[in-house]
> 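This is the structure I want to talk about, given as structure tokens.
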There are 2 protein chains.
Amino acid sequence: MAESKSVNLTKRATYELRQRIIHGGLPGGTRLYEVALSEDLQISRTPVREAMSRLAEEGLLERAPGGGFQVRSFTLRDVTDAIELRGVLEGTAARLAAEQGAEPRALAEIGAILDRLDACFATGTVGAIDFDGYSELNAQFHTRLAELCQSPVILRELERVKSLPFASPSAFVLGSNENARSFHSLVVAQVQHRAMVQAIERREGARAEAIAREHARIARANLESTFVTDAQTPEAMPGIALIVREGRPG
Amino acid sequence: MAESKSVNLTKRATYELRQRIIHGGLPGGTRLYEVALSEDLQISRTPVREAMSRLAEEGLLERAPGGGFQVRSFTLRDVTDAIELRGVLEGTAARLAAEQGAEPRALAEIGAILDRLDACFATGTVGAIDFDGYSELNAQFHTRLAELCQSPVILRELERVKSLPFASPSAFVLGSNENARSFHSLVVAQVQHRAMVQAIERREGARAEAIAREHARIARANLESTFVTDAQTPEAMPGIALIVREGRPG
DNA sequence: GCCTTCGGGAATGTATACATTCACTGTATA
DNA sequence: TATACAGTGAATGTATACATTCCCGAAGGC
């Protein structure tokens, strides 16, 4: 998939490894051996090592006790906690934005995104929903909203949590197949979007924070039902292959 | 400083670099050049590179746009946000612990730590406070309290935030010189410690969360006053050398 | 005089040889 | 039979040579 890029080998190795991890080619707990990977990827040990280091920063790998790396494994509990954590961080960003006041210009731009989100399912017919468009705009909305607090530190940690594919704000959108339940989810989510912006405008910090948390819990509920229902289909939701069944493997 | 350990060179380079960063030898924004560092540390490029990568994971370095690393620089705003973030995360851990119920055994152990904390300043005379003992026990308390929520994901992010020296729960203790104000801080902090544990025991999640946040704000206030008052003394608080004065340098 | 291009140097990127460490296994001895 | 020691292999750790890229300055042409 666009593998023969002219970019450097570290990036290629990083990309290839990330793909394998997310799509389940390297299950959680798998120990990654430099030499084996090098031969497999046809890339020398140095860039492979560098790639693993970056993926550890990203949170997909963890450093093994005796040196080396292994694929991080996530239980369902870990995943729900990560989503809860995203809600907490987005809530904090929203609260801070409300407390210190957001720039009108930025708020207007966010309002425009909300209008475009409305358009993605304005017809009211389930089959006509533009899921891809909604997903993209939804990601934009969450990014812009978080930026309102003007805090690089908060932003950074939020980006870190969102980098786990199942914890990103748009994960639940792609996971939703075309049914009435997912339609209702989108309607509720959009109402919460507008409520969050309104709360920030009115300097209602506690309300903004509470809504952001509850908003994330839509994703949590959606993931839990997806995990139970469509357990067999590996591509039901991005990154679902990362989730292990049992308690906590090596 | 215990430099000639028999451990591997990566760890030695990591330690040495971290020390230099924390103590101001490498100010925020400094670009780190592999060759120069290698020659300076008398260690080849490979372990130096590895060390920088780990310090980037730790949050003390950041990857520069065109490759390489530079020392991360923190404004006062960044620091207060990091402390606020710690309060938010500790508050979340406390709330989750309260909601799901904590193990009595773990709570008893935390109670024992609290008793020992009391002993550090039981005499009521300012000069007799055992600051080092308090600092150590305080760190233990915060770690154990966070563990009550049984969430590796939350723990991991909390450890990440606490790894910034000025954001650790004990930073403000060492920063406090022997004056009446710091004595009052410790008294208030200890009252909050007991209140947090009580709230968790009683399943009062919202209260536990609120107290944890307010608790962190003691550290924030203490840092702000330290930064203004003792600006000249570099060792007024661990990691204070990391904080830059102006807006946001390269 | 200004713009463009070519060259050189310094930085990171890459490959690979060699070092070290640690665990596993097999054998020998008590 | 059990334990201890030594050998062997595979893994990461380390050093270093070489490649590549990019910036910057100087020189030459327009």
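Remember, predicted model here, so these are calculated numbers, not experimental data. Chain A is the first sequence line, chain B the second, and so forth, proteins listed ahead of strands; every chain is numbered from 1. Any value given below was found using the heavy atoms of this structure, including those in side chains, with hydrogens, waters and symmetry copies removed.
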> Counting only heavy atoms not in B/R116, do more than 12 sit closer than 6.0 Å to its CZ atom?
no

> Taking only Lys NZ, Arg NE, NH1 and NH2, and the carboxylate oxygens of Asp or Glu, determine whether B/E159 and B/K162 approach each other closer than 4.0 Å.
yes

> Which residue lies toward the 5' end of DNA chain D, B/E50 or B/R45, if each is placed at its nearest nucleotide?
B/E50

> If you take all heavy atoms of B/L117 and B/F141, which pair is closest and at what distance?
CD1-CB, 4.4 Å

> Can you measure A/Q70 atom CD to D/dT12 atom C1' for me and round it to whole angstrom units?
15 Å

> Rounded to whole angstrom units, what separation is found between the CG atom of B/L37 and the C1' atom of C/dA11?
13 Å

> Taking the minimum atom-to-atom distance to the side chain of A/V35, which one of C/dA11, D/dT14, D/dA11 wins?
D/dA11

> Let me know the distance between CD of B/Q42 and P of D/dT14, rounded to the nearest Å.
15 Å

> Nearest-Å distance, CD (A/E39) to P (C/dT16)?
12 Å

> Does D/dT16 have OP1 or OP2 sitting under 4.0 Å from an N or O in the side chain of B/T46?
no

> Check A/E90 against A/P169 and note the closest heavy-atom contact, atom names and distance.
OE2-CG, 4.0 Å

> Measure CD1/A/I43 against P/D/dT20 and give the value in whole Å, please.
15 Å

> In whole angstrom, what separates A/E34's CD from C/dA17's P?
16 Å

> Find the distance B/N8:CG to D/dA11:P and express it as a whole number of Å.
19 Å

> D/dC23 C1' sits how many Å from B/Y33 OH, rounded?
11 Å

> For B/R49 and C/dG13, is the shortest distance between a side-chain N/O and OP1 or OP2 below 4.0 Å?
yes

